[in-house]
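We're numbering straight along the sequence, starting at 1.
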Amino acid sequence: KEDMQQVKNKIEKLIAMIQPTDTKGIPAPWVVFDFILHKYAKLKKIGKLEIVTCRYIAKKCGIKDDNEEIGYVLLFLHHKAGTVLYYPHIPELENFVFTDFQPIIDFVSRIIINYFIDHSEQEENDVRNGLLKTASVGKIDGYLEADELVSLLKHRHIISEMNKETFLMPSLLPKAEQSYNNAPNNMCSFLVMLKNEYCPIGVFCAVSTRLASTTNWKFNESVPQFKNRMYFYYALPEASYGITFAAFNAYYKVSIDDRYASSEVRLKVCKDSIEAFTKVCNDIKNALPLFGFYAKPEEGDERLIYFDTQGEQLTEQMKKWSHQVDSEELRNDECRSFTIINGTADVFEIGEYGLTIS
């Protein structure tokens, strides 16, 4: 009777976690399968199950004993329900299903605490540079081996590989003081906002590591990096272009430091940034990114920036932005505030204290 009540609670919880449009037609065996996976892992006091064990349990639950069918169910539980972690596309992790995520969270927290509290002089230099040595990663006993853990941290964009022995972990970096005198005031910058009007540093760090793994993007190792301001090179065979990526309280800013960068370079940097933000925000509930591009200067001191999340309109505005000639007058103008129109007639203003709706 107690187990049946637990199954009922599990079903209700599972349905509550899924969007209303997705709840129709969830097969009962899938819910029972999810319940038994967690029950079995709890009894065995483990948080990771081998895929062969999951297949056996799935068969007992009436799920077809087929790799494609079981894979589909596990991906549903991973992406839609969020009750397991399953990574069939990562070689080191493809044979496992994770039912307990807390050891991973505890491990990352412990890395940060150890680096800031208990470290040697050499580690102190590593901390200042946000570097994490392979030997420092170690493993989670009975849960993840070192190579498995590194693959998972890279996939979740918590770390980015610098070389075979070193990783960059942006959350270990110091925080830079950001001045709103640096509010985007040139045609080589564009903005990113989140619809909830708050821009977490965690999103910035995840986007930074994702960009670092994108073709042609390289961390600029010759200058200090910060957890809220990162410097990149966009490296092409013929030239390299500096890029500054910064986080403010209410928006993120991507700036191409070379005002003479071609429209092709601007467009590629913009597309890569949009893709990185979109993929990171897909993993965060209610995090809808909005992208803003400078229009040509209007009358007076206003600078119009149009925010749009629609595909065709966004692409068109992005192309217009990439082809605009940077204005020397606009670049030198210390624009402390300007108007933004996002297509719904909402008007925002960015100033010394961040972004407000006016």
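- Side-chain polar atoms of Thr214 and Asp272 form no donor-acceptor pair below 3.5 angstrom.
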Working note: Lys268 + Glu264, criterion salt bridge (charged side-chain N to carboxylate O under 4.0 Å, His left out); need CA distance, chi angles, decisive distance, verdict. CA-CA 6 Å; Lys268 186 64 170 67; Glu264 290 80 9; over 6 Å; no

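- Applying the salt bridge (charged side-chain N to carboxylate O under 4.0 Å, His left out) rule to Glu50 yields no partners; only residues at least two apart in sequence or on another chain are considered.
- For Glu148, the salt bridge (charged side-chain N to carboxylate O under 4.0 Å, His left out) criterion is met by Lys48, not counting sequence neighbours.
- We find that Lys271 and Glu275 are not joined by a salt bridge, their nearest charged nitrogen and carboxylate oxygen being 4.0 Å or further apart.
- When the shell of 6.0 Å around CD of Glu68 is examined, it contains 12 or fewer heavy atoms from other residues, nucleotides or ligands.
- Residues meeting the ring-ring contact (aromatic ring centres under 6.0 Å, His included) test with Tyr72, sequence neighbours left out: Trp30.
- Considering only residues two or more places apart in sequence or on other chains, Tyr143 meets the ring-ring contact (aromatic ring centres under 6.0 Å, His included) condition with Phe98.
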For a ring-ring contact (aromatic ring centres under 6.0 Å, His included) check, start with the C-alpha distance between Tyr252 and Phe277, then their side-chain angles and the critical distance, and finish with the verdict. CA-CA 10 Å; Tyr252 306 102; Phe277 268 103; 5.3 Å; yes

When the side chains of residues 231-247 are checked against the rest of the protein, which donor-acceptor pairs come out under 3.5 Å, sequence neighbours left out?
from	atom 1	to	atom 2	distance (Å)
Tyr231	OH	Arg229	NE	2.7
Thr244	OG1	Asp257	OD1	3.1
Thr244	OG1	Asp257	OD2	3.1

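- Between the NE2 atom of His157 and the CG atom of Leu211 there is a distance of 9.5 Å, given to the nearest 0.5 Å.
- Between the Lys227 side chain and the Ser171 main chain, a donor and an acceptor come within less than 3.5 Å of each other.
- In terms of modelled atom types and a separation under 3.5 Å, the side chain of Ser273 and the main chain of Val269 share a donor-acceptor contact.
- Here the side chains of His38 and Val84 are in contact, with some heavy-atom distance below 4.5 Å.
- Applying the ring-ring contact (aromatic ring centres under 6.0 Å, His included) test to His155 and every residue at least two apart in sequence or in another chain returns Tyr87, His89.
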